[in-house]
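In what follows, a single structure is set out as structure tokens and then discussed.
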Number of protein chains: 4
Amino acid sequence: MPRKPTQKRAIVTVDAIVEAGFMAVASHGLAGATTRHIATLAGISVGSLYEYFANKEEVYEAMNRKLVEDIIGTIKPLIPSLTHMGIAEAIRTMLHAVGALLRRDNNRYLQCARHGIQSDIKADLTPINRVLIELMMQYLMHHPRYARLINLSAFSYIAINGGMFTLMKHLNEENPSISYDKLVDGLANMMAHYADGELALLEKP
Amino acid sequence: MPRKPTQKRAIVTVDAIVEAGFMAVASHGLAGATTRHIATLAGISVGSLYEYFANKEEVYEAMNRKLVEDIIGTIKPLIPSLTHMGIAEAIRTMLHAVGALLRRDNNRYLQCARHGIQSDIKADLTPINRVLIELMMQYLMHHPRYARLINLSAFSYIAINGGMFTLMKHLNEENPSISYDKLVDGLANMMAHYADGELALLEKP
Amino acid sequence: MPRKPTQKRAIVTVDAIVEAGFMAVASHGLAGATTRHIATLAGISVGSLYEYFANKEEVYEAMNRKLVEDIIGTIKPLIPSLTHMGIAEAIRTMLHAVGALLRRDNNRYLQCARHGIQSDIKADLTPINRVLIELMMQYLMHHPRYARLINLSAFSYIAINGGMFTLMKHLNEENPSISYDKLVDGLANMMAHYADGELALLEKP
Amino acid sequence: MPRKPTQKRAIVTVDAIVEAGFMAVASHGLAGATTRHIATLAGISVGSLYEYFANKEEVYEAMNRKLVEDIIGTIKPLIPSLTHMGIAEAIRTMLHAVGALLRRDNNRYLQCARHGIQSDIKADLTPINRVLIELMMQYLMHHPRYARLINLSAFSYIAINGGMFTLMKHLNEENPSISYDKLVDGLANMMAHYADGELALLEKP
DNA sequence: CATGAATGAGTATTCATTCAT
DNA sequence: AATGAATGAATACTCATTCAT
């Protein structure tokens, strides 16, 4: 029965555990991370970990929530400015921001991604999807000509799954065959051409 | 120390173990699959498993090699006919073939992918990359006008990582938000527009 | 080191803890009851519990003392009236009274008995024995003819151990094979016949 | 997934585990006995214990089965001779035999009983009940005059629960207030008088 | 060559007890 | 006095690996 962390100290401890969770998974992998690793990294005892989380799984869920929260916190504030850019530039801007987030704190998030944190945990990525859809809606209001054509769900599906994953994969590679900027450019251009190409088809078939 | 399986019977056993590995991971997950599961499914004893593989990790590596091998075996024979198609059709054809492979044998490969087999194992996907590059070279010989523009490595990088992963992700989803055909069409069109869009920029800037 | 609770408030707290102990054991079993359960049910903190009891074991001992005390408190006042009854009726009366005690407060004592509180704890039942012996002495003064024969200690030993336990066992059973009244009758008659039978043997050998 | 012990060695091991279970419970109590205790006493590793038993509970169940089996094995062969005795002598004979069983092997069964093995485990004592009922049926065939009166189920209920428990309790006591023989005599006489007393009431009311 | 019984280090989780606030 | 956060030893159970037969 995990305690509700109402006191200041308790909240600090909960945060420390989540941080330690990222560190532990980063160094030992999802399966290799033990509760003792996490507790030690958080500077507490195993028992204390279980004061705040009913089990290991709950720690992982909290980690996932934190990651999703941070990604959303990165994208959302950018929306107003993104809507005034061209597709390619908007995507490029967004990907660079997310890339920076993933590399923060010694690549903490990145290392977790490498170990597939999203495969075993009930990673609820729908909040990210929601933000991206909101971004699109805003974008369409400023660029109404795209409104006719884009299959919103397909576009977002490919963007979030293909785009994000490719980005993560690249950030994780030790000797990537292409540079990060080249990759981001490639993804941005691809999406832009996709949209414009489909639009062209519609306009003069 | 495992022997090199030179005899016929030994080779059969090794194959059975690898097959059993896929089955075990498919039903119990990467972390849940035990050597006993694998040995039992392979119809041998645990002891025998260790005659052919030094440890569990080696079995996983063999599984990975097999998967890569099968994917290559699926794509390679298609190359001659793919070179005569348009970009979108070629990609569509290829993705459908790979999708069929992943669903073979009761989704064996797919289930493994779901459990993140590629995240923990030193999955060496470069052979697949090589084949795709070969495919491109051949394609360029039949469509020389693309030769000028395409950043081969970036294109293939995005194609293999983003495309493949998106495909797997989709095949694994229980209630995908878009249909499989829509997804393949989306990916195919995207790549085609990407190529054609870049080409257009080059031709009349 | 727990203080001797001399103040009123302290005595109230001690009682609350003992009550909470019965409730905790009743709902979670002897092994399942935790100090946190007990403290929470008593409306205090774990720390406070240790102000009054050196450890969990001491709480259990206090619970045992309370139970024995209550049983004695149930039997003792009955003694004067029991001495005027026949053996069977006296036993029947006593067993019904004790049965009622065990079922008091939502079967609190009963549930504890079910969880074997008497097996692990140093249950000192001798005070009960003493009261039963006192009862017998009084009974003999009113029925002197039994004085010659009855092996007092054997009789009381069998009565307290066999009788009480059989009673508890029955009260705990979900689908007892015989009714409660039948059981009490059986026990009462058995003891009565025992006494009278032995007496008969003595009188006309 | 516990193995079926088909091989000779395995059967020996299973027996050793059950024996060790009795020893462990005898020295540490039901709650205090750990899987490691049991394994060590059985001269095997914890892992091996789990080869044959799915969990600790299963070991306890096997112990219970063994005890019930042994008690039945003690009583059943006596039935033919018991049927030719008087009630008191028959009960005395039976109780002595069971008492001897409980004291066998350094009081192994006895110590377990002290720790309440029967309270937590789903002790299925019905087989013992069945044997006692069989004994009664046989007895009645040789002593038909008792047939009219005895409430078989009540008699057996009191006999098995009250009688057996009182016996065990006594055997466990360090300084019993009465001797073992006195107790057995008391129980035997009590049952005999019970039967005869009830019979007398029926015959000349 | 094959077997499968045996191993024991390692995992998540619990809970009596302590002690700083 | 009272609190409740922190502790860490202890427990049941798993599973990759070994090795006697």
How many angstroms lie between atom CG of C:D105 and atom CG of C:L102, to the nearest 0.5 angstrom? 11.5 Å

Reading 5' to 3' through nucleotides 13-19 of chain F, protein heavy-atom contacts under 4.0 Å coded B for base, S for sugar-phosphate only, - for none: BBBBBB-

N or O in side chain of A:Y52 less than 4.0 angstrom from F:dG4 OP1/OP2: no

Using whole Å, report how far CD1 of B:I11 lies from P of E:dC1. 12 Å

Would you check if C:R108 and C:V25 make a side-chain contact, meaning some heavy-atom pair closer than 4.5 Å? no

For F:dT21, the nucleotide meeting Watson-Crick or G-U wobble distances (both under 3.5 Å) is E:dA2

Could you check if a side-chain atom of D:D70 sits within less than 4.5 angstrom of a side-chain atom of D:Y109, using non-hydrogen atoms only? yes

Nearest-nucleotide 5' precedence on DNA chain F, D:H37 against A:L49: A:L49

Polar contact flag, side-chain donor to acceptor under 3.5 angstrom, A:N55-A:Y50: no

Shortest non-hydrogen contact from D:V59 toward D:I38: CG1-CD1, 4.4 Å

Starting from P on E:dG10, measure out to CD1 on A:I38 and report it in whole angstrom. 18 Å

Using whole Å, report how far CD1 of B:I17 lies from P of E:dT3. 11 Å

Decide yes or no for A:K66 and A:E69: does some side-chain heavy atom of the first lie under 4.5 Å from some side-chain heavy atom of the second? yes

